[in-house]
Amino acid sequence: MRYDAAQRRVEFWRLRPCIIPTVREEMIDLRELKERKEEILANITARNMKIDLDHIIELQEQRSLLLQKSEALRSSRNENAAKMKGKLDQATRTALIEEGKALKEEIARVEARLKEVEEEYLRLGRTIPNYAHPDAPLGTDESDYTILRHVGAPPAFSFKPKDHVELGEALDLIDFDTATRVSGPKFYYLKREAVILQMALERYALDITLKKGFTPFITPDIAREEILTGIGFNPRGEESNIYTIEGMDACLVGTAEITLGGYYSGQILDKSELPIKMSGLSHCFRREAGASGQYSKGLYRVHQFSKLELFIYCLPQDSERYHAQLLAIEEEIFSGLGLAYRVVDTCTGDLGAPAYRKFDIEAWMPGRGDGGEYGEVTSTSNCTDYQARALSIRYKDDDGKNQFVHMLNGTAIALSRAIVAILENYQNEDGSITIPPALVPYTGFDTIKARG
RNA sequence: GGAGAGAUGUCCGAGUGGUCGAAGGAGACGGACUCGAAAUCCGUUGUACCGCUUGCGGUACCGAGGGUUCGAAUCCCUCUCUCUCCGCCA
């Protein structure tokens, strides 16, 4: 029998609703739907989303009634079956069998309806986004963010700085044209010193995370769809940024957040293990359909890059503290490279559905726009219990009750964008590139010399 | 890829279609004995959901899904995973 991905996906939802799945779809706690209704509605508005909450509540009530009915019927069925354990005269036996048959049909009828209602209820329920942090700036688009601080000053050039595409070509460090011929647009070859530079950056950032007590990982570049959806990615559909693999029910990961966040899916962690801090290196694959224009030229927006990702599992009361720690590590990595950057508190409309709060670091890129602009290089999100609920990742609290952990992620370094920033900020008038001092121990050279 | 074996609670492990949420053991926890410990003895020990709510009742879960049956851990089908052997391979 052919059992392809699409079919499995359908079956996941068609067949699972009546049982407790190991991996659920992401969502807020739907039991709070009614008591926190106003808050949820306000949050949906703040995030510029449109969701018919009343319809979901109506479905929830229908589901509850059908569930109770189904359980009552099953109870009768069990009772009826139990009566037939001993020896019975033929007439009684026949009567009981008849009753059992009738119950069986009734159960099938009620549960078919339940399945229908439940499927719709969960499908809509999981579109509800996570709650937002009260301090996250309200707003519906990117420009509504709050800039928390600027660190460092953009370099002053005595000449007109080039962008990284020009620099990369002139120094024979990056080859876009051949990559387009071999792989397609938005792919690239790194060559020569750029290869060493990437590996140096990788190790530089990794070493900082090691010092902070993060356990290093190299993760798989492929993950199952249920993990993707649990983390909050949409593997399919027009707007999806994810490559799916034909016939496999799996996708190329867009970030190690997926594989690190999936690491403990379905597990109950020991409270004493928390916090768990991981730093994972993976390739990142993104379809970037329709993304073009000057802001996505060169290495800035590509189909494949490498990234060191930070991930933390912790107790709910600690997540804000660790979110601040993730941001501090990202800042340490970028300020250590001597790059000017600013820190942005992302507005509600620009938070991903799983994120409770998100901070971005934008580094100064002299080749961006007209005369330089800040461009996003990292992002860190506190997803509270949203992903944990979807992936069923819990810990036992002091009363022995299972509680959902909080999950946070952050970019330690996205290597392609870091290379953009370094090439553009550290270029010299003669076309050479100075290596930031912090990287020299890792590269073994302090300059990429101009080629002539 | 080929051949075979298996999947049961925290772990090991039994289980003839009804008396099985599941024997037995280990572990863990509580208690007794002890100055203390070991040994011994007694008791407790899964998860999720639903309903009345300090407790109790119900439903579901024996790898997953489907089927047969009045009734399935047990019978049938499909799938997944694990182990052993062979082949291939960085």
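All of these numbers come straight from a predicted model, not from anything done at the bench. Each chain gets a letter, A, B and so on, in the order its sequence line appears, and its residues count up from 1.
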Within-4.5 Å side-chain heavy-atom neighbours: [X] and [Y]:
| X | Y | result |
| --- | --- | --- |
| A:Ile312 | A:Gln325 | yes |
| A:Asn43 | A:Arg47 | yes |
| A:Arg287 | A:Ser240 | yes |

On a whole-Å scale, what distance lies between the [atom1] atoms belonging to [N] and [M]?
| N | M | atom1 | result |
| --- | --- | --- | --- |
| B:A22 | B:C62 | P | 14 Å |
| B:U69 | B:U54 | P | 44 Å |
| B:C61 | B:A73 | P | 7 Å |
| B:A64 | B:U80 | P | 15 Å |
| B:G18 | B:A5 | C1' | 31 Å |
| B:U40 | B:G57 | P | 35 Å |
| B:U16 | B:U84 | P | 28 Å |
| B:C20 | B:C86 | P | 45 Å |

Honestly, is A:Arg126 close enough over A:Tyr121, meaning NZ or CZ under 6.0 Å from the six-membered ring centre and within 45° of the axis?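 Not flagged: A:Arg126 not positioned over aromatic ring of A:Tyr121.
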Kindly confirm or rule out a cation-pi arrangement of A:Arg417 over A:Tyr300, judged by NZ or CZ under 6.0 Å from the six-membered ring centre and within 45° of its axis?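 Yes - A:Arg417 lies over the ring of A:Tyr300, closer than 6.0 Å to its centre and within 45° of its axis.
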Let's test this: given Watson-Crick or G-U wobble pairing with both distances under 3.5 Å, identify the partner of [N].
| N | result |
| --- | --- |
| B:U44 | B:A28 |
| B:G57 | B:C50 |
| B:G17 | none |
| B:U68 | none |
| B:A38 | none |
| B:G6 | B:C81 |
| B:G1 | B:C86 |

Do any side-chain nitrogens or oxygens of [X] fall under 4.0 Å of OP1 or OP2 in [N]?
| X | N | result |
| --- | --- | --- |
| A:Arg63 | B:C49 | no |
| A:Arg74 | B:A60 | yes |
| A:Asn78 | B:G71 | no |
| A:Arg31 | B:C49 | yes |
| A:Lys83 | B:C70 | no |
| A:Ser75 | B:U59 | yes |

Can you check the [X] [atom1] to [N] [atom2] distance for me, whole Å?
| X | N | atom1 | atom2 | value |
| --- | --- | --- | --- | --- |
| A:Leu73 | B:A60 | CG | P | 11 Å |
| A:Leu30 | B:C49 | CG | C1' | 13 Å |
| A:Glu106 | B:G71 | CD | C1' | 18 Å |
| A:Arg394 | B:C49 | CZ | C1' | 12 Å |
| A:Gln403 | B:A48 | CD | P | 10 Å |
| A:Lys115 | B:U59 | NZ | P | 21 Å |
| A:Glu111 | B:C49 | CD | C1' | 14 Å |
| A:Arg77 | B:G17 | CZ | P | 19 Å |

Using only heavy-atom distances, decide whether a donor-acceptor pair under 3.5 angstrom links the side-chain of A:Glu71 to the base of B:G58.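 Looking at the base of B:G58, it does pair with a donor or acceptor on the side chain of A:Glu71 (distance under 3.5 Å).
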So which one's nearest nucleotide on RNA chain B is more toward 5', A:Ile268 or A:Ser70?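 The answer here is A:Ile268.
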Quick one: on RNA chain B, does A:Ser64 or A:Met84 contact a more 5' nucleotide (nearest heavy atom)?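 Per heavy-atom nearest nucleotide, the more 5' residue is A:Ser64.
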When you measure from the side chain of A:Ser265 to the backbone N and O of A:Gly262, does any donor-acceptor pair fall under 3.5 Å?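 At least one qualifying donor-acceptor pair exists.
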Counting the atoms with a prime plus P, OP1 and OP2 as sugar-phosphate, which does A:Arg93 contact under 4.0 Å by heavy atoms, base, sugar-phosphate, or nothing?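 Base: the residue A:Arg93, judged by heavy atoms under 4.0 Å, touches a nucleobase.
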Go through the steps to decide whether A:Tyr131 and A:Tyr356 satisfy the test ring-ring contact (aromatic ring centres under 6.0 Å, His included), and finish with yes or no. CA-CA 6 Å; A:Tyr131 299 96; A:Tyr356 173 72; 8.3 Å; no
